[in-house]
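Data block below; observations after.
A, B, ... follow the sequence lines: proteins, then strands. Residue 1 opens every chain.
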Amino acid sequence: TQLLEQSPQFLSIQEGENLTVYCNSSSVFSSLQWYRQEPGEGPVLLVTVVTGGEVKKLKRLTFQFGDARKDSSLHITAAQPGDTGLYLCAGDEGGATNKLIFGTGTLLAVQP
Amino acid sequence: NAGVMQNPRHLVRRRGQEARLRCSPMKGHSHVYWYRQLPEEGLKFMVYLQKENIIDESGMPKERFSAEFPKEGPSILRIQQVVRGDSAAYFCASSPPWRVTEAFFGQGTRLTVV
């Protein structure tokens with residue numbers, strides 16, 4: 001089973017600061033998704049990256065897929081309290097199964 | 001355009017009872033997945049179903065757990081003779097056939113076994 005390690009595990013920052021969350025694996029994924037989960041809710045899909053080296057931007061969020069498709073990063077510019085939540089990366093193993101392998105999660109708290 | 005609907009949101013069962021968790025996928029989605037999130041742990045894949053077929057159940061415990069996605073109606077995750085260790089949040093996700101790698105999650109069912 002492939003594993004996805006996220007770092008940092010916890011992050012508490014002030015409003016307006018920038019941050020980067022990392023998602024690393026020793027294995028290759030067909031695609032990788034980033035989700036945000038709030039307490040008591042299900043994960044909400046933010047983005048899917050498919051091509052090695054791909055960069056996608058979603059307002060203040062920038063997602064990058066590593067060239068070798070083993071790692072990914074999420075960069076948030078000028079964080080806001082509304083960005084608070086649990087950020088999860090999830091890799092698709094490929095093949096017929098379509099199951100996602102979820103990362104260990106990064107809990108972000110943005111203080112006003 | 002309703003999202004993935006799960007019910008109930010909260011379920012309390014006594015040890016030994018049965019738990020039935022329901023999931024209605026998004027309109028047009030024919031692929032359903034169940035994941036479990038244990039306290040202090042990440043989301044773990046349980047089972048992947050298409051209409052009337054179990055495609056991958058490699059994450060399902062060998063005993064007491066079963067899942068179905070009938071031709072008509074919601075997908076059901078069934079846990080027989082629940083034990084305290086089954087207490088967790090159970091999430092259903094669905095994806096369309098043209099983009100199976102993108103999963104949209106429901107709000108989850110929080111099962112508490114007392």
Side-chain angles (χ1 to χ4, degrees), chain A residues 1-10 21 23-25 27-52 54 56 58 63 65 69 72 85-107, chain B residues 2-10 21 23-26 29-50 53-60 67 88-112:
Chain A
T1 302
Q2 303 183 40
L3 294 174
L4 278 169
E5 295 287 337
Q6 286 186 238
S7 61
Q9 272 190 294
F10 305 99
V21 176
C23 174
N24 294 296
S25 174
S27 303
V28 176
F29 289 98
S30 300
S31 67
L32 193 137
Q33 286 84 44
W34 282 93
Y35 292 84
R36 190 175 83 187
Q37 184 179 22
E38 299 190 18
E41 300 294 329
V44 175
L45 179 65
L46 297 175
V47 79
T48 299
V49 286
V50 178
T51 306
E54 182 176 3
K56 280 192 174 178
L58 188 67
F63 305 86
F65 202 11
R69 290 185 289 132
S72 181
L86 178 66
Y87 287 82
L88 297 161
C89 62
D92 170 24
E93 291 190 315
T97 183
N98 298 322
K99 69 182 179 186
L100 295 174
I101 305 299
F102 276 85
T104 46
T106 295
L107 188 58
Chain B
V4 177
M5 304 300 292
Q6 288 188 250
N7 68 81
R9 289 291 307 274
H10 300 274
L21 287 61
C23 168
S24 296
M26 288 178 69
H29 288 196
S30 55
H31 299 243
V32 166
Y33 314 82
W34 285 92
Y35 287 80
R36 178 165 66 174
Q37 191 171 38
L38 290 163
E40 308 305 317
E41 291 189 22
L43 279 153
K44 304 292 184 189
F45 168 82
M46 298 182 76
V47 63
Y48 163 38
L49 310 106
Q50 295 180 25
N53 286 303
I54 297 174
I55 307 302
D56 181 352
E57 55 181 345
S58 59
M60 289 276 272
Y90 292 82
F91 291 98
C92 171
S94 71
S95 59
W98 60 87
R99 201 143 189 181
V100 295
T101 55
E102 288 192 345
F104 295 85
F105 282 79
Q107 293 180 301
T109 294
R110 274 139 193 90
L111 172 66
T112 303

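Rounding to the nearest 0.5 Å gives a distance of 5.0 Å between OH of A/Y35 and CZ of B/F105. In this structure, CG on A/L100 lies 13.0 Å from NZ on B/K44, to the nearest 0.5 angstrom.
When the candidates B/H31, B/Q6, B/R9 are compared by the number of heavy-atom contacts under 4.5 Å with chain A, B/R9 comes out ahead. Ranked by heavy-atom pairs shorter than 4.5 Å toward chain A, the options B/A103, B/G106, B/G108 are led by B/A103.
The part of A/L45 that comes within reach of chain B is its side chain, from C-beta onward, which places non-hydrogen atoms under 4.5 angstrom from that chain. B/Q37 touches chain A through its side chain: at least one heavy atom from C-beta onward sits under 4.5 Å away, while N, CA, C and O do not. Of the two parts of A/Q33, only the side chain, counted from C-beta on, holds a non-hydrogen atom closer than 4.5 Å to a non-hydrogen atom of chain B. For chain A, the nearby parts of B/L43 are the backbone and the side chain; heavy atoms of each come within less than 4.5 Å. Using a 4.5 Å cut-off between heavy atoms, A/T104 does not touch chain B at all. Heavy-atom distances place the side chain of B/S58, and not its backbone, under 4.5 Å from chain A.
Summarising the geometry of B/R110 relative to A/E41, their closest heavy-atom pair is NH2-N, 3.5 Å, with the distance given to 0.1 Å.
B/E102 is linked by a side-chain hydrogen bond (donor to acceptor under 3.5 Å, both in side chains) to A/T48, counting only residues two or more places apart in sequence or in another chain.
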